[in-house]
Amino acid sequence: MNTAHALHSFNREMTNWSLIKHRNWDGYLVTGQHSGTHWIKWMLSWAMAHHYGVEGPKFYNNNDSNAVIGNPKHKLNLPGVPRVASSHSIPAYAVEWPLIRAIAPLPKYGVVVRDMRDVLISNYEKWKEKYDVPFVTYVAGDPWDKKYVVDVWWYIRFMNRWGSVRKHYPAETLVLKYEDFRRDTAGSLDQLARHLGVVLPADAIDKGVIAGAKENMLAFHNPNATGKGVRPDGVGDTVWTDEADAVLKPILREHLKYDFGYDFGL
């Protein structure tokens with residue numbers, strides 16, 4: 001057991017009660033970092049905007065993306081529109097405590113995960129100049145969660161905690177894979193929306209899918225934002241290697257409790 005990871009996880013999961021503090025929403029879209037956040041939020045926002053006749057978001061990134069699906073700390077309230085928040089939050093242990101849920105009822109959660117190997121490649125490509133380390137060094141990560149924006153240790157915490165929440169509250173916690181959205185975009189978007197209490201007709205789902213086309217989203221980038229949440233196809237030269245696999249597998253073998261069906265070859 002990695003002591004640094006265990007101590008950091010215990011501290012964060014005992015003290016980060018943001019999902020409980022900011023619980024007054026009809027539903028939560030919770031995505032792992034680099035797991036299609038901008039894309040999925042944008043599609044659902046435009047599907048809802050079309051159906052409920054409200055103005056959609058101006059851009060897909062920064063605060064401009066919160067016109068229909070809000071930041072948990074904001075008081076978004078569009079008359080007649082289900083209140084949905086978007087977050088990367090890792091749930092505190094208290095999210096599973098029956099007493100807490102009795103005192104402070106929590107909304108339903110739609111959680112999106114992604115193959116961790118693709119997450120690591122995506123994050124490294126975005127930040128490799130800042131990290132200034134070889135990819136295989138980054139793959140080993142930092143158990144104290146200080147060196148990198150997100151790494152294997154953050155994603156282990158995300159998958160383990162949401163896996164545990166789903167185990168205890170399966171009716172309230174839907175987990176979808178980013179790969180599901182790539183394979184069946186309309187079906188996955190509809191499944192997510194229904195779970196969050198947003199029942200949308202087929203034409204609204206279609207509007208959301210069309211809005212989420214990469215060439216369309218690239219035209220809605222906030223020019224004042226740092227970096228791009230949507231990268232053109234073919235950008236980046238980082239690939240997964242046997243060397244990276246040899247670093248990742250022992251970490252996952254010892255620490256990952258919920259793999260959500262991904263085949264990590266453990």
Side-chain angles (χ1 to χ4, degrees), residues 1-37 40-41 44 66 69-77 82-114 116 119 141-146 148-178 192-198 251-252 254-262:
M1 173 64 68
N2 186 293
T3 303
H5 172 67
L7 290 174
H8 177 71
S9 297
F10 181 78
N11 176 62
R12 293 296 295 158
E13 273 68 274
M14 284 298 294
T15 59
N16 181 20
W17 284 41
S18 62
L19 288 176
I20 297 171
K21 180 180 179 181
H22 305 294
R23 65 184 180 277
N24 294 318
W25 296 84
D26 297 319
Y28 256 83
L29 166 61
V30 184
T31 52
Q33 296 193 49
H34 294 269
S35 300
T37 304
I40 295 168
K41 180 179 178 180
L44 185 56
N66 297 324
I69 296 176
N71 181 299
K73 297 179 181 180
H74 298 168
K75 295 182 179 181
L76 179 66
N77 187 18
R83 299 182 66 252
V84 178
S86 174
S87 174
H88 290 310
S89 286
I90 297 174
Y93 297 125
V95 169
E96 296 178 45
W97 297 348
L99 180 60
I100 290 292
R101 285 181 172 255
I103 296 173
L106 300 178
K108 288 188 174 182
Y109 300 107
V111 183
V112 181
V113 297
R114 186 182 184 184
M116 199 180 302
V119 169
D142 172 23
W144 288 113
D145 199 20
K146 295 179 180 179
Y148 307 112
V149 177
V150 64
D151 65 3
V152 60
W153 300 101
W154 185 93
Y155 221 81
I156 285 173
R157 288 178 52 224
F158 184 87
M159 294 178 79
N160 282 349
R161 290 299 305 128
W162 281 113
S164 183
V165 172
R166 183 180 68 167
K167 177 181 177 181
H168 291 93
Y169 298 96
E172 295 86 358
T173 313
L174 172 70
V175 176
L176 290 168
K177 295 179 179 180
Y178 169 82
L192 171 65
R194 288 179 183 275
H195 178 75
L196 298 178
V198 185
I251 297 173
L252 299 187
E254 183 171 1
H255 297 282
L256 186 64
K257 300 176 182 177
Y258 298 91
D259 63 14
F260 297 106
Y262 287 109

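For reference, positions follow the sequence shown, starting with 1. All heavy atoms count here, side chains included; hydrogens, waters and symmetry mates do not. These numbers come from a predicted model, not from an experiment.
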Exercise. Run the side-chain contact (heavy atoms from CB on, under 4.5 Å) check on V113 and Y262 step by step: do they pass?
Worked result: CA-CA 10 Å; V113 297; Y262 287 109; 3.9 Å; yes
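- With respect to K41, the side-chain contact (heavy atoms from CB on, under 4.5 Å) criterion is satisfied by exactly one of T31, V112, N66, V84: N66.
- The closest donor-acceptor contact from the side chain of W17 to the backbone of M14 lies under 3.5 Å.
- By the 30° and 60° cut-offs, the orientation of the rings of Y28 relative to Y109 is tilted.
- Nearest heavy atom pair, residue V119 against residue S35, reads CG2-OG, 4.1 Å.
- Checking side-chain atoms of H5 against main-chain N and O of D142 turns up no donor-acceptor pair under 3.5 Å.
- Side-chain contact between V165 and V111: absent, with no pair of heavy atoms (C-beta onward) separated by less than 4.5 Å.
- Distance check: I90 CD1 to N160 CG gives 9.5 Å after rounding to the nearest 0.5 Å.
- Across all non-hydrogen atoms, the minimal contact from S18 to S89 is OG-OG, 3.4 Å.
- If you take CG on L196 and CG on D26, they are separated by 9.5 Å, rounding to the nearest 0.5 Å.
- R83 contributes no side-chain N or O that, together with a main-chain N or O of G27, makes up a donor-acceptor pair within less than 3.5 Å.
- Between atom CH2 of residue W154 and atom CE of residue M116 there is a gap of 10.0 Å, rounded to the nearest 0.5 Å.
- With rounding to the nearest 0.5 angstrom, the CD atom of E13 is 7.5 Å from the NE2 atom of H8.
- Remark: side-chain polar atoms of R23 are paired, donor with acceptor, to backbone N or O of I20 under 3.5 angstrom.
- H88 has its side chain out of reach of V150: every pair of non-hydrogen atoms, C-beta onward, lies at least 4.5 Å apart.
- Between Y93 and F10, the two ring planes are tilted [angle within 30° to 60°].
- When every heavy atom of A193 is checked against every heavy atom of L44, the shortest pair comes out as CB-CD1, 3.9 Å.
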For this session: Verify side-chain contact (heavy atoms from CB on, under 4.5 Å) between L176 and I40, making sure each step is shown before the conclusion.
Result: CA-CA 11 Å; L176 290 168; I40 295 168; over 6 Å; no
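- One finds the NE2 atom of H195 at 5.5 Å from the NZ atom of K108 (value rounded to the nearest 0.5 Å).
- Residues H168 and S164 approach most closely at ND1-O, 2.8 Å, considering heavy atoms.
- Across all non-hydrogen atoms, the minimal contact from W25 to H74 is CZ2-O, 3.2 Å.
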Exercise. Where do I69 and L76 land on the side-chain contact (heavy atoms from CB on, under 4.5 Å) test, with the steps shown first?
Worked result: CA-CA 8 Å; I69 296 176; L76 179 66; 5.7 Å; no
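- Annotation: side chain of L256 is not in contact with side chain of Y155 (no heavy-atom distance under 4.5 Å).
- Side-chain atoms of R166 never come within 3.5 Å of backbone atoms of T173 as a donor-acceptor pair (strictly under, hydrogens ignored).
- The main-chain N or O of H34 is found under 3.5 Å from a side-chain atom of R114 such that the two form a donor-acceptor pair.
- For the residue pair V95 and Y169, the shortest heavy atom distance occurs at O-CE1, 4.1 Å.
- Of the charged side-chain nitrogens involved, none lies within less than 4.0 Å of a carboxylate oxygen, so that E96 and K167 do not count as a salt-bridged pair.
- Residue W153 holds its CH2 atom at 4.0 Å from CG of N2, rounded to the nearest 0.5 Å.
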For this session: Step by step, work out the side-chain contact (heavy atoms from CB on, under 4.5 Å) result for R12 and D145.
Result: CA-CA 11 Å; R12 293 296 295 158; D145 199 20; 5.8 Å; no
